[in-house]
Novice: 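Sharing a structure here in structure tokens format.
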Amino acid sequence: MEALKGWVKTLMLFPRPNNPESGIVEKVKRFCQFLITGTPSNVSFLYDQSIQNWVDQAVKNNDFDAITCEHSVNEIYIRPHWKEKIKTVINSHSSVYRTCQHQLDTATSENSQRDRLYLPLLKRYEKRVYQKFSHVVVTTDDDYQQLKEFKINSQVSVLPNGVDLGIFPERSSDPGGHHLILTGGMDYVTNIDAACFFSQEIFPLLRQKYPDAILTIVGANPTESVLKLGKNPGITVTGKVPSMAEY
């Protein structure tokens, strides 16, 4: 927090709400709420009236030149009419609707029955959310095409993910060996599937040709299925690390 203060004029911190309860009854309640309100529970449970009051007052006071939302988890605080007076930007890491559709199409969904129910609701939600921002930023052309299908009237820009060459410079020499790294949040279903598939189906074939091959799975919050991969020869699961550059 102290380091962040050096980069901003005003820093406001709000406590994160407790995670919603699990259990079938609570899940049914959350689905019904999603159906009625049009907002997924992973977004709505983060809503805090004190945050809304603070942002509302700041906008009223013209404190901001622009407002940016990282992904959709905090879009709930942005009011649609604000884009008429201030630039509001949402940085969409990936379309939740398109990801869900892809997992259903490729039979990689962890709960296909649930996701088939959620799919039309996610489409309705994303179309509504993107419309209320004056500018939408995506990282891939696939997501750009998805927004064109939604026919939103907001400005859309494609900014591909990049690499900081100061932190990750080009090597001056070959370090040797055969070392592979798989990175990402290891509690995200797509990354879990990738880690398990590569470790169990692909990596053993590589080890047959390159016995010294090493695979390091680097990412926060590894699930039990990912942690178990570390028991296989040549595979290490690190969990969260201080710096990706070290790996």
Side-chain angles (χ1 to χ4, degrees), residues 16 19-20 30-31 34 37-47 66-78 80 83 87-164 168 181-198 217-223 225-226 240 244:
R16 179 184 173 89
N19 288 329
R30 288 196 291 271
F31 175 76
F34 187 7
T37 66
T39 302
S41 60
N42 67 315
V43 176
S44 60
F45 99 89
L46 290 170
Y47 187 78
I67 297 177
T68 177
C69 289
E70 197 71 14
H71 212 19
S72 60
V73 291
N74 50 8
E75 62 77 17
I76 198 168
Y77 296 106
I78 307 303
K83 72 176 183 179
K87 193 176 191 67
T88 53
V89 184
I90 183 169
N91 179 13
S92 175
H93 299 176
S94 62
S95 167
V96 179
Y97 163 75
R98 192 174 67 82
T99 299
C100 183
Q101 179 70 74
H102 178 72
Q103 290 172 352
L104 288 171
D105 292 343
T106 56
T108 55
S109 170
E110 62 177 0
N111 189 331
S112 59
Q113 290 182 326
R114 177 204 62 193
D115 287 347
R116 286 191 182 93
L117 287 173
Y118 272 69
L119 189 64
L121 299 179
L122 289 172
K123 183 176 184 179
R124 181 184 68 174
Y125 167 70
E126 284 202 334
K127 289 178 68 174
R128 174 174 60 82
V129 165
Y130 292 136
Q131 288 281 14
K132 71 178 185 177
F133 285 86
S134 57
H135 201 131
V136 182
V137 176
V138 296
T139 59
T140 69
D141 187 63
D142 286 340
D143 282 341
Y144 175 72
Q145 296 302 324
Q146 181 64 71
L147 292 183
K148 286 180 64 177
E149 291 181 20
F150 285 163
K151 296 181 180 179
I152 67 168
N153 55 14
S154 306
Q155 182 180 355
V156 181
S157 298
V158 181
L159 296 179
N161 291 320
V163 174
D164 186 334
F168 299 95
I181 298 176
L182 195 155
T183 69
M186 288 301 152
D187 55 353
Y188 181 47
V189 61
T190 305
N191 295 342
I192 296 169
D193 180 65
C196 292
F197 177 78
F198 187 86
I217 301 173
V218 186
N221 306 318
T223 61
S225 59
V226 174
K240 185 178 181 179
M244 284 300 306

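Heads up: numbering here begins at 1 and tracks the sequence. What you are looking at is a predicted structure, and each value in this text was computed from that prediction instead of being measured.
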Novice: Is any side-chain heavy atom of Lys240 closer than 4.5 Å to one of Asn221?
Specialist: no
Novice: Answer yes or no: does atom NE2 of His93 have more than 12 heavy-atom neighbours from other residues, nucleotides or ligands under 6.0 Å?
Specialist: yes
Novice: Roughly how far, to the nearest 0.5 Å, is the CD1 atom of Ile217 from the CD1 atom of Ile181?
Specialist: 11.5 Å
Novice: Rounded at 0.5 Å granularity, tell me how far CG in Asn111 sits from OH in Tyr118.
Specialist: 9.5 Å
Novice: Could you please spell out the steps behind the side chain to side chain donor-acceptor pair (under 3.5 Å) verdict for Asn74 and Glu70?
Specialist: CA-CA 7 Å; Asn74 50 8; Glu70 197 71 14; over 6 Å; no
Novice: Give me the one residue out of Thr99, Asp193, Asp115 that meets side chain to side chain donor-acceptor pair (under 3.5 Å) with Ser109.
Specialist: Asp115
Novice: Scan the side chains in residues 141-152 for donor-acceptor partners under 3.5 Å anywhere in the protein, sequence neighbours excluded, and list what turns up.
Specialist:
from   : atom 1 : to    : atom 2 : distance (Å)
Asp143 : OD1    : Ser95 : N      : 3.4
Asp143 : OD1    : Arg98 : NE     : 2.8
Asp143 : OD1    : Arg98 : NH2    : 3.0

Novice: Under 3.5 Å, is there a donor-acceptor pair between the side chain of Ser154 and the main chain of Phe133?
Specialist: yes
Novice: Could you go through Tyr125 and Tyr97, starting from their C-alpha distance and side-chain angles, then the distance that decides it, and tell me whether this counts as ring pair (Phe, Tyr, Trp, His ring centres under 6.0 Å)?
Specialist: CA-CA 9 Å; Tyr125 167 70; Tyr97 163 75; over 10 Å; no
Novice: Are the side chain of Lys87 and the backbone N or O of His135 linked by a donor-acceptor pair below 3.5 Å?
Specialist: no
Novice: Write down the atom of Leu182, the atom of Met186, and the distance for their closest heavy-atom approach.
Specialist: CD2-CE, 3.3 Å
Novice: Say you draw a straight line from CG of Leu119 to CZ of Arg116; how long is it, rounded to the nearest 0.5 Å?
Specialist: 9.5 Å
Novice: Please check this pair: side chain of Lys132 against backbone of Thr88, looking for a donor-acceptor N/O pair closer than 3.5 Å.
Specialist: no
Novice: Roughly how far apart are Asn91 CG and Thr68 OG1, rounded to 0.5 Å?
Specialist: 6.0 Å
Novice: Evaluate the side chain to side chain donor-acceptor pair (under 3.5 Å) criterion for residues Tyr47 and Thr39: first the C-alpha distance (whole Å), next the side-chain angles of each, then the deciding distance (0.1 Å), finally the verdict.
Specialist: CA-CA 11 Å; Tyr47 187 78; Thr39 302; over 6 Å; no
Novice: Just to verify, what does Tyr188 make a side chain to side chain donor-acceptor pair (under 3.5 Å) with, not counting sequence neighbours?
Specialist: none
Novice: Please report the closest heavy-atom contact between Arg16 and Phe45, naming both atoms and the distance.
Specialist: NH2-CZ, 3.7 Å
Novice: Got a donor-acceptor contact below 3.5 angstrom from the Asn191 side chain to the Gly185 backbone?
Specialist: yes
Novice: Is any side-chain heavy atom of Val137 closer than 4.5 Å to one of Val89?
Specialist: yes
Novice: Can you measure from NZ (Lys127) to CG (Leu122) and round to the nearest 0.5 angstrom?
Specialist: 13.5 Å
Novice: Search all heavy atoms of Ile90 against all heavy atoms of Val129 and return the closest pair with its distance.
Specialist: CD1-CG1, 4.0 Å
Novice: Kindly give the heavy-atom pair with the smallest separation between Gln131 and Lys83, and that separation in Å.
Specialist: O-NZ, 2.5 Å
Novice: Quick check: closest heavy atoms across Tyr130 and Ser92, and the distance to 0.1 Å?
Specialist: OH-OG, 2.8 Å
Novice: Quick one: salt bridge (Lys or Arg N to Asp or Glu O under 4.0 Å) partners of Arg114, sequence neighbours excluded?
Specialist: Glu110
Novice: Could you tell me if the side chain of Thr37 sits less than 4.5 Å from the side chain of Ser44, heavy atoms only?
Specialist: no
Novice: I need the minimum non-hydrogen distance between Ser225 and Thr223, along with the two atoms involved.
Specialist: OG-OG1, 3.0 Å
Novice: Under 3.5 Å, is there a donor-acceptor pair between the side chain of Glu75 and the main chain of Cys69?
Specialist: no
